[in-house]
Amino acid sequence: MFTGDEFADGGEVIRSALKQNNVPASFFLTGNFYADARFKGLIKGLKKDGNYLGAHSDRHLLYADWTKRGSLLVSRQEFNDDLLKNYERMAGFGIRRKDAPYFLPPYEWYNSTIAKWTDEMGLKLINFSPGTRSAADYTYPEMGAAYRPADEIYRSIIEKERTDANGLNGFILLVHIGTDPRRTDKFYNRLDELLRELKSMGYSFVKLNDLMDDPPGFAKR
């Protein structure tokens with residue numbers, strides 16, 4: 001599962017790795033991303049390849065306070081208008097709302113009220129699986145202790161596979177389609193290596209909607 005807002009520098013690298021390994025993926029992109037003329041060709045290519053393209057809010061809003069998660073930072077109207085605008089921009093690429101019912105909240109941060117509002121809009125809120133450092137691939141050295149180099153992220157995924165009783169069966173791994181230029185150690189450059197290693201362990205890959213709608217039978221290794 002990949003998310004995108006203002007950066008797309010890894011788009012073609014990711015697309016190539018997926019195609020070379022015959023792996024489908026899911027992309028949750030903001031309205032900012034869908035509206036950016038620089039990314040138009042990439043989006044069309046990802047859709048042509050058969051990937052799932054979904055919503056990630058129009059303006060990448062922060063819904064809830066970082067320290068007081070129950071405190072909302074948006075009104076119901078703001079939430080609705082923003083999300084509907086995201087789908088409006090998606091429609092420009094032939095992506096209908098009924099084809100993209102799964103919604104990944106911006107920053108992957110929400111509370112029970114946001115989950116309720118999502119459900120009332122007829123959408124299904126989802127998030128990534130915890131336990132690895134993959135979602136930290138957006139960090140860069142100037143962020144200090146929060147920074148996570150690509151090697152650490154890679155090792156955290158393999159370690160999760162080795163130590164969890166279920167391995168990575170049914171696991172939703174989040175990676176960013178692009179990151180701040182201040183991060184030069186791009187994790188997406190190791191995607192091909194990661195896919196090959198996991199496939200050698202016996203894993204197969206499915207799009208988010210296929211995983212949720214019709215869960216395949218998983219068997220570790």
Side-chain angles (χ1 to χ4, degrees), residues 1-15 18 25-49 51-66 69 72-111 113-115 117-119 121-128 134-140 143 172-183 186-188 191 207-209 212:
M1 180 167 71
F2 299 87
T3 62
D5 179 37
E6 58 180 320
F7 302 115
D9 46 284
E12 291 302 335
V13 174
I14 291 168
R15 187 184 175 200
L18 294 173
S26 304
F27 292 82
F28 290 88
L29 310 171
T30 64
N32 294 328
F33 196 103
Y34 284 110
D36 196 318
R38 297 172 300 169
F39 307 154
K40 187 175 181 179
L42 172 62
I43 295 170
K44 288 184 175 180
L46 292 172
K47 185 173 184 288
K48 180 182 178 181
D49 294 342
N51 298 294
Y52 176 95
L53 297 180
H56 195 43
S57 99
D58 188 55
R59 296 299 176 188
H60 206 241
L61 303 179
L62 180 63
Y63 292 151
D65 188 274
W66 285 117
R69 195 166 186 171
L72 286 170
L73 301 178
V74 296
S75 68
R76 174 66 182 270
Q77 192 64 52
E78 289 172 327
F79 171 81
N80 283 9
D81 290 348
D82 177 80
L83 188 49
L84 289 175
K85 187 65 176 179
N86 194 171
Y87 277 98
E88 181 182 319
R89 298 188 194 278
M90 291 163 60
F93 291 90
I95 305 168
R96 299 171 298 179
R97 186 168 162 180
K98 68 176 184 178
D99 298 325
Y102 292 97
F103 166 59
L104 178 63
Y107 301 100
E108 297 75 60
W109 189 252
Y110 57 93
N111 55 30
T113 300
I114 295 298
W117 290 351
T118 301
D119 182 67
M121 289 186 73
L123 301 172
K124 303 173 183 178
L125 186 149
I126 53 92
N127 206 349
F128 65 89
S134 74
D137 68 329
Y138 72 93
T139 60
Y140 46 87
M143 295 177 71
I172 302 174
L173 191 72
L174 185 144
V175 178
H176 291 85
I177 195 170
T179 61
D180 192 290
R182 285 171 287 185
R183 182 185 181 99
K186 307 287 191 177
F187 180 67
Y188 55 69
L191 179 62
K207 292 182 290 185
L208 189 282
N209 54 319
M212 303 298 288

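Note that the structure is predicted; figures quoted are calculated from it, not measured. One is the number of the first residue; the rest follow in order along the sequence.
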Measuring from [X]:[atom1] to [Y]:[atom2], what's the distance to the nearest 0.5 Å?
X    : Y    : atom1 : atom2 : result
T179 : Y188 : OG1   : OH    : 5.5 Å
K98  : L123 : NZ    : CG    : 14.5 Å
D9   : I14  : CG    : CD1   : 8.5 Å
T118 : L104 : OG1   : CG    : 10.5 Å
D36  : L29  : CG    : CG    : 11.5 Å
S134 : I172 : OG    : CD1   : 11.0 Å

Take T113 and L72 through the side-chain contact (heavy atoms from CB on, under 4.5 Å) test and state the conclusion after the steps. CA-CA 8 Å; T113 300; L72 286 170; 3.6 Å; yes
Would L53 and M90 count as a side-chain contact (heavy atoms from CB on, under 4.5 Å) here? Give the steps. CA-CA 8 Å; L53 297 180; M90 291 163 60; 5.6 Å; no
Would you name the heavy atoms of [X] and [Y] that are closest together and state the gap between them?
X   : Y    : value
L83 : A55  : CD1-CB, 4.1 Å
F7  : P181 : CE2-CD, 3.8 Å
Y87 : A100 : OH-O, 2.7 Å

Parallel, tilted or perpendicular: ring planes of [X] versus [Y], cut at 30 and 60 degrees:
X   : Y    : answer
W66 : Y107 : perpendicular
F27 : F2   : parallel
F79 : F103 : perpendicular

Less than 6.0 Å separating the ring centroids of Y52 and F28?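 Aromatic pair counts; centres sit under 6.0 Å.
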Between L46 and F93, does a side-chain contact (heavy atoms from CB on, under 4.5 Å) hold up when you go through it step by step? CA-CA 11 Å; L46 292 172; F93 291 90; over 6 Å; no
Measuring only between side-chain heavy atoms, which start at C-beta, is [X] closer than 4.5 Å to [Y]?
X    : Y    : answer
Y63  : S57  : yes
W117 : R76  : yes
E108 : T3   : yes
D58  : R89  : yes
I43  : F33  : yes
L125 : P105 : yes
L18  : N51  : yes

Would you say the side-chain atoms of R183 and T139 include a donor-acceptor pair closer than 3.5 Å? yes
Could you tell me whether the side chains of R182 and Y140 share a donor-acceptor contact shorter than 3.5 Å?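 A donor-acceptor contact under 3.5 Å links the two side chains.
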Show the numbers, then the answer: is there a side-chain contact (heavy atoms from CB on, under 4.5 Å) between D82 and V74? CA-CA 10 Å; D82 177 80; V74 296; over 6 Å; no
Could you tell me whether a side-chain N or O of Y34 sits under 3.5 Å from a main-chain N or O of G92, the two making a donor and an acceptor?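 No; judged by distance alone, with no hydrogens or angles, the pair does not exist.
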Between D137 (side chain only) and H176 (backbone N and O only), is there a donor and an acceptor less than 3.5 Å apart? yes
With side-chain hydrogen bond (donor to acceptor under 3.5 Å, both in side chains) as the test, pick out the partner of N32 among R59, H60, H56. R59
Measure from NZ or CZ of R69 to the centre of the six-membered ring of Y110 and say whether it is under 6.0 Å with the direction within 45° of the ring axis. yes
